[in-house]
Amino acid sequence: MQNFFGNCANVLQQYGFSYLRGAGTTLLLALVGTFFGCLIGFAVGAMQTIPVDKQRDPAWKRGLVHLLHGVLRCYVELFRGTPMIVQAVFIYYGLMQFGVKLDMWAAGFLIVSINTGAYMAETVRGGIVSIDPGQTEGAMAVGMTHWQTMAHVILPQALRNIIPQIGNNFIINIKDTSVLSVISITDLFFVHKSVVGALYTYFESATIVMIIYLTMTLLASYLLRLWEKALDGPQNYDLNTTDTLAYTSGMYNAPDPVHEPQNLDRKGEAAHV
Amino acid sequence: MSEHIIEVRHLSKSFGTHVVLRDVDFTVDPGDVTCVIGASGSGKSTLLRCINLLETPTSGAVLFHGQEITAKAFDPCAYRAKVGMVFQSFNLFNNMTVLENCTAGLRYVLRQDKETARRTALENLEKVGMAPYIHAKPRQLSGGQKQRVAIARALSMQPEVLLFDEPTSALDPQMVGEVLTVMRQLAADGLTMIVVTHEMAFARDVSSHVVYMADGVIAEEGTPADIFEHPQNPRTVEFLSRFRQQ
């Protein structure tokens, strides 16, 4: 056992910096990939829910919308239905055939983004259809267009509901970017392979890498929880007046001004203040 | 050029084979308060939703200042900005505060700047007694408060006509009182309103025109005195007698 810890220390001493750089690469790929993946997901999700009015819209517009839906469906099914490692090889070396030499980083970001985007598209669509249709009707009733409704009313609410899924995707990306070593991106797993190639310390290096991956994913879950809380906003609100007379003028349900700050949605807890 | 704001002409609507509205015909003039009464399932809400294009009529026409709203060249978004709607289930934007709910339409649809929108919204929130609650989210409000905010949201757009789809049906008696008080005030201020309601006292006292619907057709219409004091159609008599017994 002492031997094990000694070896770990030895590995860290020699390659500690490489591990950190590898972890940084992994984190950067996961962050950028998840971010752009989410953007793609939101765009595709919003486009998939464009309404078609059979009576009002001209035939060319209906045709265009159907074509768009078809293309998006193909994108989602193609990238959800094939392994990312194959996509990486396919895109990176495939483009080379056509004389396009992608920068390693650009290729990495591109592959993680479009892969995440395919999953997020379905998640976002689910998030959108889960919002009460009354919200859309409310927005339509003040004259908003489909895009205004999406941008200001539906997507902000859908975002809140799908944060757990975004977290899932981010954590999956932290782990799955390890397959990008096939296009020689030096992520954390690539560093591990190099280290065991030089020192033959499989167990020690794997332990270190496991701990680094776990630290990153746990931290990610924690930060996402904080984000969820921040989006929920404060549980309490303050009445926008200092005039105590206002509390009784025309407000049948005016809360007692003594009990500030108000905590109306947790009546039981606030009552005894 | 017609002086009617809204004309409903031979309007029919069916969902599949189920006919909800049959040959409905009526007009609304500026300043009118038209109450639509009738049993649940008689097509009242569908009628209102057709007027606001939330449902597309199967046949017939709705004219707004003489223009057919189902015509291809007609812009439904600009139209809805001028014809407001208050829903039974409030439909406030859950992701926004009370103030943001009222300014959203002004800023995103009418493209007003933040300060102008804020002033208009506050004015209307004041009218419904909800001005102190501008920082609250809809989930923190009671039903009556939500509905008053929803009315303020619709009013902020300065609509030519305001449609009410059973605005008090989801509320308890006390909250019904607060919402109806607001609506009486609006009627007194001369706002043109079409109100689908089960509040017979409101229909009798406030409206200038009452439409009684049964099974998707207008069974009888006239002034409140006509309908409530001297109903001609036996179905109207029966419907009203059930309300009187309560």
Side-chain angles (χ1 to χ4, degrees), chain A residues 53-58 61 131-149 151-161 231-255 257 261-267, chain B residues 49 52-54 56-57 70-72 74 76-87 89-101 104-110 126 128-137 139-142 144-145 150 153-154 156-157 163 174-175 177-178 181:
Chain A
D53 188 336
K54 274 189 186 144
Q55 294 186 11
R56 187 178 294 274
D57 292 333
K61 192 185 159 197
I131 303 292
D132 172 21
Q135 295 286 308
T136 311
E137 289 185 355
M140 283 165 80
V142 294
M144 288 195 201
T145 62
H146 172 71
W147 296 108
Q148 286 168 337
T149 307
H152 301 297
V153 179
I154 304 299
L155 290 183
Q157 293 182 54
L159 173 69
R160 169 61 190 85
N161 290 348
L231 274 187
D232 281 343
Q235 291 288 322
N236 309 327
Y237 64 92
D238 292 321
L239 290 177
N240 184 44
T241 176
T242 50
D243 177 7
T244 47
L245 271 179
Y247 290 96
T248 52
S249 66
M251 296 192 299
Y252 302 88
N253 292 321
Q262 297 301 334
N263 200 352
L264 294 186
D265 55 337
R266 291 185 175 179
K267 285 179 183 123
Chain B
R49 292 168 62 84
N52 206 14
L53 279 179
L54 288 175
T56 314
T70 45
K72 282 198 169 111
F74 194 83
C77 290
Y79 167 68
R80 291 197 196 101
K82 286 183 222 152
V83 177
M85 177 121 170
V86 174
F87 299 87
S89 50
F90 326 126
N91 294 351
L92 290 176
F93 308 136
N94 292 327
N95 57 321
M96 302 182 192
T97 63
V98 165
L99 183 67
E100 286 164 346
N101 261 285
L106 296 173
R107 293 182 56 197
Y108 307 133
V109 179
L110 300 184
E126 197 84 50
V128 299
M130 287 301 290
Y133 291 87
I134 54 173
H135 301 307
K137 286 277 181 77
R139 67 185 147 88
Q140 293 163 323
L141 302 176
S142 72
Q145 292 175 325
R153 175 175 74 180
S156 296
M157 299 295 288
L163 312 176
Q174 188 201 341
M175 295 176 183
E178 32 180 289
T181 309

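Letters A, B, ... mirror the listed sequences (proteins, then strands); counts begin at 1. Worth knowing before you read on, the calculation uses all heavy atoms, side chains too, and leaves out hydrogens, waters and symmetry mates.
The minimum heavy-atom distance between Met144(A) and Cys77(B), with the atom names listed, is O-SG, 3.7 Å. Nearest heavy atom pair, residue Glu137(A) against residue Arg49(B), reads OE2-NH2, 2.7 Å. Minimum interatomic distance between Phe93(B) and Gly138(A) (heavy atoms only, all atoms of both residues): CE2-C, 3.7 Å.
Looking at Ala150(B), there are no atoms closer than 4.5 Å to chain A (heavy atoms on both sides), in backbone or side chain. Only the backbone of Leu92(B) has a heavy atom closer than 4.5 Å to any heavy atom of chain A. With a 4.5 angstrom heavy-atom cutoff, Val83(B) touches chain A only via backbone atoms. Contact annotation for Ser89(B): neither backbone nor side-chain heavy atoms come within less than 4.5 Å of a heavy atom of chain A. Both the backbone and the side chain of Ala139(A) come within contact range of chain B, each with at least one heavy atom under 4.5 Å from a heavy atom of that chain. Using a 4.5 Å cut-off between heavy atoms, Asn52(B) touches chain A through its side chain atoms alone.
Between Asp132(A) atom CG and Asn91(B) atom CG the span is 6.0 Å, to the nearest 0.5 Å. To the nearest 0.5 Å, atom CZ of residue Arg80(B) and atom OG1 of residue Thr145(A) are 10.5 Å apart.
Taking the side-chain hydrogen bond (donor to acceptor under 3.5 Å, both in side chains) definition, one finds that Gln157(A) meets it with Gln135(A), Asn95(B), sequence neighbours left out. The side-chain hydrogen bond (donor to acceptor under 3.5 Å, both in side chains) test applied to Thr136(A) returns no partner, not counting sequence neighbours.
Within the 4.5 Å cutoff, no side-chain heavy atoms of Met85(B) are placed close to those of Val142(A). Two residues are said to be in side-chain contact when any heavy atoms from C-beta on lie closer than 4.5 Å; His152(A) and Met96(B) meet this criterion.
Interface check for chain B: of the options Gly134(A), Pro133(A), Pro58(A), the most heavy-atom pairs under 4.5 Å are formed by Gly134(A).
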